[in-house]
K.L.:
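Before anything else, here's the structure in question.
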Number of protein chains: 2
Amino acid sequence: MADSASLQELIIEKAGELFREQGYTATTIKQIAKAAGCTTAALYYYFEDGKQHILREVIHDTAREAEFSRTLPQADSLEEFLVELGANLARRPPKVVDRFNWIMLQFATLPDEEKQIVQNQVISIQHALRERISQYVAGKEMADRLAWLVYCSFVGYQQMFTKLEVAGVVDLSMDEYGGFLAQVVRQGL
Amino acid sequence: MADSASLQELIIEKAGELFREQGYTATTIKQIAKAAGCTTAALYYYFEDGKQHILREVIHDTAREAEFSRTLPQADSLEEFLVELGANLARRPPKVVDRFNWIMLQFATLPDEEKQIVQNQVISIQHALRERISQYVAGKEMADRLAWLVYCSFVGYQQMFTKLEVAGVVDLSMDEYGGFLAQVVRQGL
DNA sequence: GTCTATAAGGGGATAGAC
DNA sequence: GTCTATCCCCTTATAGAC
């Protein structure tokens, strides 16, 4: 981002953007080079194994970045926590959502090592969610399942409403969705 | 599938499989031709606009097929309905799940007409879900929101556990997940 | 209707200059 | 470290034979 960033970092950053926007296969190394302001030969100086190598680095970089920015809201009750969580998620930049989507959809074609990185990230998010939720509910098992339910619910919302652009046709904001989830969790119907 | 199927239908079917497995961009028309037992020239006889044209037809075909096979379980209570729904979804062939994922990946790059087909499908599923749910709960608004919550929850589960293969690491079957969702919806925590 | 043959272009990758 | 120049292969697509 800064002009002083090394070309290597710049390549990873620009490649990440292109992968996110177009997918891995649809992105050419010529596009990546152009976006990074260099030639394809320069790519091979930093990434000997070519395009696949850049992909791996993008995944690693994404994981590192996500690790850093993960913070769950504070709240006095489970209901409030879920409402806040929904509100937080709704405020995330589209970039983050797109990146998650891209990796998810790329997943099947990733090498094993990178698959594990992605899975570990998902699981560590669920763990964080579970620990927080366990402050509000009785029973480890209950907290664990609820954490998955909450996590999956929001992921699903995002896929449907953001990725599939259903939000343009149906009127249900993520805030409302989170609020409804909180209500259901609290008292059922 | 039958040997008597026209080559045109066979191409759409085989292309659909390849797109699911590899993605659209990664699939070549040569692969499609080979899978369908013909040459690339034959493809252009049926699909003048080439690969894009085949993509469109696959989407249309997928929508038609989904329309046909969509049945929701019968149940005496909301809780039972949700449990059954989870069990049904768990039994779906991976093929169906993969297709949904693939279309999601492709969505951003689809022409408007095909985008609408996909959205309409999603919305019509939610409508079916909503109508069924409204048998059990009071209030149109409530049924609508709950239908989205249920739909998104299952989509999210599928993404995480099936697509990201978290099911191999974490022990939470879709049956259990559906059961837990039913329990939460019924009485809260 | 389906094939053979091939054109035209773009893709990933590399050798060697600077 | 980065570029110029280029290679080879594979891709999409088409013309014309059968």
Side-chain angles (χ1 to χ4, degrees), chain A residues 1-61 102 105-106 108-111 113-114, chain B residues 1-61 102 105-106 108-111 113-114:
Chain A
M1 199 133 288
D3 274 5
S4 62
S6 75
L7 180 56
Q8 188 170 22
E9 287 163 5
L10 191 63
I11 290 167
I12 294 173
E13 185 192 323
K14 294 297 183 184
E17 283 174 23
L18 289 167
F19 290 164
R20 180 160 51 78
E21 289 161 11
Q22 313 177 332
Y24 172 73
T25 322
T27 301
T28 70
I29 59 167
K30 281 176 184 162
Q31 286 179 314
I32 298 172
K34 189 176 173 187
C38 65
T39 65
T40 66
L43 297 185
Y44 285 87
Y45 175 78
Y46 291 106
F47 307 95
E48 284 189 16
D49 299 339
K51 199 180 168 187
Q52 277 278 342
H53 195 160
I54 298 177
L55 169 63
R56 290 204 303 274
E57 292 306 317
V58 169
I59 303 261
H60 285 250
D61 186 62
W102 163 65
L105 296 159
Q106 205 62 49
T109 68
L110 295 179
E113 193 194 339
E114 281 66 38
Chain B
M1 196 131 292
D3 273 5
S4 61
S6 74
L7 181 56
Q8 187 170 24
E9 286 163 7
L10 192 62
I11 290 168
I12 293 173
E13 185 192 324
K14 294 297 181 184
E17 284 174 21
L18 289 167
F19 290 163
R20 267 202 315 277
E21 289 162 11
Q22 313 179 332
Y24 172 72
T25 322
T27 300
T28 70
I29 59 166
K30 274 186 187 168
Q31 288 177 314
I32 299 172
K34 188 177 174 188
C38 64
T39 65
T40 66
L43 298 185
Y44 285 88
Y45 175 78
Y46 291 105
F47 307 95
E48 285 188 17
D49 299 339
K51 201 178 162 186
Q52 277 279 342
H53 195 160
I54 298 177
L55 170 63
R56 289 204 304 273
E57 292 306 318
V58 170
I59 303 255
H60 285 252
D61 187 61
W102 164 66
L105 165 66
Q106 209 57 55
T109 68
L110 295 178
E113 191 194 340
E114 279 68 36

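So that the names make sense, note that chain A is the first sequence line, chain B the second, and so on, each numbered from 1.
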K.L.:
Hey, does the side chain of B:Tyr45 come within less than 4.0 Å of C:dG1's phosphate (OP1/OP2), counting only N and O?
P.N.:
yes
K.L.:
For the side chain of B:Thr40, starting at C-beta, report the closest nucleotide among D:dA13, C:dA13, C:dT2.
P.N.:
D:dA13
K.L.:
Expressed in angstrom and rounded to an integer, what is the separation of A:Lys51 atom NZ from C:dG12 atom P?
P.N.:
5 Å
K.L.:
Should the pair A:Lys51 and A:Tyr24 be classed as cation-pi, given the thresholds of under 6.0 Å to the six-membered ring centre and 45° from the axis?
P.N.:
yes
K.L.:
Does any non-hydrogen side-chain atom of B:Gln22 lie less than 4.5 Å from one of B:Gln31?
P.N.:
yes
K.L.:
If you check every side-chain atom of B:Thr28, which of D:dA13, D:dT11, C:dC3 has the closest atom?
P.N.:
D:dT11
K.L.:
So what does B:Leu7 touch, heavy atoms closer than 4.0 Å: a base, only the sugar-phosphate, or nothing?
P.N.:
sugar-phosphate
K.L.:
Taking the side chain of B:Ala41 as heavy atoms from C-beta outward, which of D:dT4, D:dT14, D:dT12 is closest to it?
P.N.:
D:dT14
K.L.:
Measure the shortest side-chain to side-chain distance between B:Ile54 and B:Ile12 over non-hydrogen atoms and say whether it is less than 4.5 angstrom.
P.N.:
no
K.L.:
Looking for any heavy atom pair under 4.0 Å, which part of the strands does B:Thr27 touch: base, sugar-phosphate only, or nothing?
P.N.:
sugar-phosphate
K.L.:
Consider the side chain of A:Tyr44, meaning its heavy atoms from C-beta on, and name the nucleotide among D:dT2, C:dA13, C:dC3 that approaches it most closely.
P.N.:
C:dA13
K.L.:
Could you check how far CD of B:Glu48 sits from P of C:dG1, rounded to whole Å?
P.N.:
14 Å
K.L.:
Select one nucleotide: of C:dT4, D:dT12, D:dC3, the one nearest the side-chain heavy atoms of B:Lys30.
P.N.:
D:dT12
